[in-house]
Amino acid sequence: MNPLVREQILTIIASIPEGRVTSYGRIAKMTDGATARMVARALRDLPSGHELPWFRVVTSSRKLADHSGADEQRRRLIDEGIAFDVRGRISVERFWP
DNA sequence: CACCTGACTGTCA
DNA sequence: ATGACAGCCAGGT
């Protein structure tokens, strides 16, 4: 994918405040032409040891995306004060921007 | 080149 | 509310 767009995606994720989340689609719209799937791909391809708060990216339906790191993601979000309702959804007030 | 596969989404039954 | 589905499109086979 276009390296500039990739950089935009990572920069946006890096700026998500602690205790807040945002969706793949929202991030995509903030970039110059990326789609939600491209955001997902960019996250999947992250090297280990990076500093990005990847766990603050969730789906538009306010749930965690279906992937192998979902368990860790849930823990890390709970650790920073984000609550999940009985159906595994996050309150809209937690969304950023 | 054709076809398949997703860390997704908006729409609709 | 909930699930199915058609768009989506870069990468891999």
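Per chain, numbering begins at 1; letters A, B, ... match sequence-line order.
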Starting at atom CE of M38(A), determine the distance to atom P of dC8(C), rounded to an integer number of angstrom. 12 Å

Just to be sure I understand the rule, does S61(A) reach a base, reach only the sugar-phosphate, or reach nothing, if contact means heavy atoms closer than 4.0 Å? nothing

Within the supplied structure, the quantity of interest is the number of heavy atoms (other residues, nucleotides, ligands) at a distance under 6.0 Å from D32(A) CG; does it exceed 12? no

Kindly say whether I16(A) contributes a backbone atom to a donor-acceptor pair with the side chain of R56(A) at under 3.5 angstrom? yes

Distance in Å, R20(A) CZ paired with E93(A) CD, rounded so as to fall on 0.5 Å steps: 9.5 Å

Pairs under 3.5 Å (Watson-Crick or G-U), crossing ones as [ ], inter-strand ones as |: DNA chain B comes out as .|||||.||||||

Output side-chain donor-acceptor pairs under 3.5 Å for residues 34-52 of chain A, partner residues at least two apart or in another chain, one line each.
| residue | atom | partner | partner atom | Å |
| --- | --- | --- | --- | --- |
| T35(A) | OG1 | M38(A) | N | 3.3 |
| H50(A) | ND1 | L52(A) | N | 3.1 |

5' to 3' on DNA chain B, which nucleotides open and close the contacts with chain A (atom under 4.0 Å from a heavy atom)? dG6(B) to dG10(B)

By the 4.0 Å heavy-atom rule, please label R6(A) as base, sugar-phosphate, or nothing. nothing

Taking atom C1' of dG7(C) as reference, at what distance in whole Å does atom OH of Y24(A) sit? 19 Å

Kindly confirm or rule out a cation-pi arrangement of R74(A) over F84(A), judged by NZ or CZ under 6.0 Å from the six-membered ring centre and within 45° of its axis? yes

Between R44(A) and R37(A), which has a closest nucleotide on DNA chain C that is more 5'? R37(A)

R89(A) CZ to dA1(C) C1', in whole Å, measures 9 Å

